[in-house]
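Below: one structure, written as structure tokens.
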Number of protein chains: 2
Amino acid sequence: MSDRDQSLPHTVSGASNSGDALPPIGEHARQYETVRNAHETELIEDYVELIGDLIQHRGEARAADIASRMGVSQATVSKMIRRLNELGLVTSKPYRSLFLTEDGQKMAEVSRTRHDIVLHFLRALGVNDHTARIDAEGMEHHVSNETLSIMQRFIDQQTQR
Amino acid sequence: MSDRDQSLPHTVSGASNSGDALPPIGEHARQYETVRNAHETELIEDYVELIGDLIQHRGEARAADIASRMGVSQATVSKMIRRLNELGLVTSKPYRSLFLTEDGQKMAEVSRTRHDIVLHFLRALGVNDHTARIDAEGMEHHVSNETLSIMQRFIDQQTQR
DNA sequence: CATAATTGTTAGCCAAGGCTAAACTATTTG
DNA sequence: CAAATAGTTTAGCCTTGGCTAACAATTATG
Ligand SMILES: [Mn+2]
Ligand SMILES: [Mn+2]
Ligand SMILES: [Mn+2]
Ligand SMILES: [Mn+2]
């Protein structure tokens with residue numbers, strides 16, 4: 001509870017969606033379904049992305065570092081590493097540090113790129129860096145490629161002029 | 001797999017975050033923590049928001065409608081309603097339709113407002129309505145009030161001129 | 001109004017993602 | 001090089017949010 005709840009929600013200007021009719025049932029259901037699907041992959045993506053970052057910036061990814069950066073117990077990380085292994089995203093020998101497989105590297109790169117676009121977009125919009133980092137960490141997993149393209153275009157406009 | 005993955009991720013123009021140093025450990029951990037916290041409340045918020053919408057647009061909120069709109073089994077809804085009850089967000093008599101408590105109405109309104117801002121913002125940005133609805137459903141739970149204000153300002157600019 | 005259809009509930013299952021405590025391995029250091 | 005410290009894994013627990021199948025209640029219909 002710090003920066004995230006200082007100002008109260010506003011009233012929406014323009015047409016309020018509350019006034020609109022509900023979407024057709026099938027479409028409505030598909031919206032929630034998409035969110036549920038994103039939730040299944042997002043933790044995985046964050047782990048893989050973080051492992052990639054650690055390797056790149058630290059030379060190696062150790063479970064203890066992942067745990068402290070994630071803000072989670074080492075046991076939790078250990079369990080997750082087993083899952084990443086089963087998914088073919090990392091390779092690991094017991095008590096040694098981790099490596100990303102081909103697939104893992106690909107996922108790390110895609111996630112990192114998407115994360116960066118969302119972060120840069122928020123900053124370009126005028127959001128404070130600290131807040132932007134927090135918001136981006138959650139939002140990134142729920143942004144379609146269409147929206148991503150538009151965000152990228154927006155960044156370009158703000159940046160080179 | 002439809003509209004959400006047609007165009008490939010781009011290269012980030014401008015400074016890439018991958019090049020930046022990792023954030024200090026404590027801050028990094030707090031980012032993920034914020035996301036975990038959001039995940040704890042988001043389903044609840046969506047249920048309450050949907051119940052509010054159903055009452056408003058249909059006159060009542062029945063479990064079967066919630067199930068079909070959420071794209072989930074009735075058993076799942078039944079179980080969730082018990083939770084909402086325990087949390088003091090809804091009142092319900094067995095086999096009857098639902099009502100929001102004071103707290104529930106408040107949460108529904110706050111969620112609905114935030115949802116609308118995100119949706120209107122995406123449309124104002126130029127995102128296709130269909131995609132915007134999908135993205136908004138997930139993004140809404142990860143947007144700080146700071147970002148929300150900025151989104152609102154952006155909507156106002158685009159709208160009244 | 002009796003039966004059929006719809007709606008709601010309960011029981012029991014499962015996977016994911018947290019945790020603590022205990023055991024084990026590796027690394028550092030006196 | 002032995003002992004202490006740091007890092008990793010395992011076991012076992014918990015909650016959340018899904019599911020199916022069986023049962024119960026309500027509502028609609030012939
Ligand atoms: Mn990320
Ligand atoms: Mn993330
Ligand atoms: Mn919503
Ligand atoms: Mn939502």
Side-chain angles (χ1 to χ4, degrees), chain A residues 25 29-51 54-55 58-87 89-99 137-138 141, chain B residues 25 29-51 54-55 58-87 89-99 137-138 141:
Chain A
I25 295 180
R30 249 172 282 119
Q31 287 173 23
Y32 293 117
E33 219 178 295
T34 303
V35 175
R36 285 193 298 270
N37 290 342
H39 284 157
E40 271 179 32
T41 44
E42 66 181 282
L43 228 210
I44 303 283
E45 289 169 354
D46 283 340
Y47 266 84
V48 168
E49 193 187 330
L50 176 56
I51 291 167
L54 286 170
I55 290 173
R58 292 280 188 280
E60 61 174 357
R62 309 186 57 82
D65 297 343
I66 298 171
S68 58
R69 291 210 171 255
M70 280 281 177
V72 116
S73 78
Q74 291 185 211
T76 297
V77 170
S78 207
K79 202 199 265 192
M80 187 52 108
I81 289 170
R82 200 182 322 140
R83 261 196 84 205
L84 297 178
N85 234 309
E86 286 160 7
L87 293 171
L89 296 166
V90 307
T91 57
S92 63
K93 302 199 214 309
Y95 297 97
R96 310 286 31 174
S97 67
L98 302 174
F99 300 91
E137 192 58 74
H141 311 279
Chain B
I25 295 180
R30 249 172 282 119
Q31 288 173 23
Y32 293 117
E33 220 179 295
T34 303
V35 175
R36 284 193 297 270
N37 290 342
H39 284 156
E40 272 179 32
T41 43
E42 64 182 284
L43 228 209
I44 303 283
E45 289 168 353
D46 283 340
Y47 266 85
V48 168
E49 192 188 331
L50 175 56
I51 291 167
L54 286 171
I55 290 172
R58 291 280 190 281
E60 61 174 357
R62 309 186 58 82
D65 297 342
I66 298 171
S68 58
R69 294 208 108 85
M70 280 281 177
V72 116
S73 78
Q74 290 184 214
T76 296
V77 170
S78 206
K79 203 199 262 190
M80 187 52 107
I81 288 170
R82 200 182 323 141
R83 262 195 85 206
L84 297 177
N85 233 311
E86 285 160 6
L87 293 171
L89 295 166
V90 307
T91 57
S92 63
K93 303 200 214 308
Y95 297 96
R96 295 343 315 222
S97 66
L98 301 173
F99 299 92
E137 191 59 73
H141 311 279

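The model shown is predicted, which means the values in this text are computed figures rather than measured ones.
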Can you tell me the distance, in whole Å, between the CZ atom of A:R96 and the P atom of C:dC24? 19 Å
Of the nucleotides C:dA16, D:dG17, D:dC19, which one has an atom closest to the side chain of A:R83? C:dA16
For residues B:F99 and B:I55, report the shortest heavy-atom separation together with the two atoms involved. CA-CD1, 4.4 Å
Which one, C:dG8, C:dC24, C:dG18, comes nearest to the side chain of A:Y95? C:dC24
Ranking C:dT20, C:dT7, C:dG18 by distance to the side chain of A:A75, first place goes to C:dT20
Write down the distance between OH (B:Y47) and P (D:dT16), rounded to a whole number of angstrom. 14 Å
How close do B:A38 and B:H141 get, counting heavy atoms only, and between which atoms? CB-O, 3.4 Å
Reading DNA chain C from 5' onward, which residue's closest nucleotide shows up sooner: A:P94 or A:H39? A:H39
Check every atom of D:dT9, C:dA16, D:dG12 against the side chain of A:S78 and return the nucleotide holding the closest atom. D:dT9
Separation of atom CD in B:E40 from atom C1' in C:dG17, rounded to whole Å: 11 Å
Whichever of B:R62 and A:S97 has the more 5' nearest nucleotide on DNA chain D, that residue is A:S97
I need the CZ-C1' distance between A:R36 and D:dC19, as an integer number of Å. 12 Å
What contact category does B:V77 fall into here, base, sugar-phosphate, or nothing, at under 4.0 angstrom with non-hydrogen atoms? nothing
Return no unless some side-chain N or O of A:T76 is found under 4.0 Å from OP1 or OP2 of C:dG18. no
Separation of atom CZ in A:R82 from atom P in C:dA16, rounded to whole Å: 12 Å
Could you tell me whether A:L43 contacts a base, only the sugar-phosphate backbone, or nothing, with contacts defined as non-hydrogen atoms closer than 4.0 Å? sugar-phosphate
To check you understand the geometry: which heavy-atom pair defines the closest contact between B:A63 and B:I81, and what is its length? CB-CD1, 4.1 Å
Steps toward side-chain contact (heavy atoms from CB on, under 4.5 Å) verdict (B:M80, B:I66): CA-CA 11 Å; B:M80 187 52 107; B:I66 298 171; over 6 Å; no
Would you mind reading off the distance between A:D46 atom CG and C:dA16 atom C1', rounded to a whole angstrom? 15 Å
Using whole Å, report how far NZ of A:K79 lies from P of C:dA22. 18 Å
Any donor-acceptor N/O pair under 3.5 Å between C:dG8 base and B:Q74 side chain: yes
Roughly how many Å is it from CG in A:L84 to P in C:dA15, rounded to a whole number? 18 Å
B:T91 side chain to B:N85 side chain, donor-acceptor N/O pair below 3.5 angstrom: no
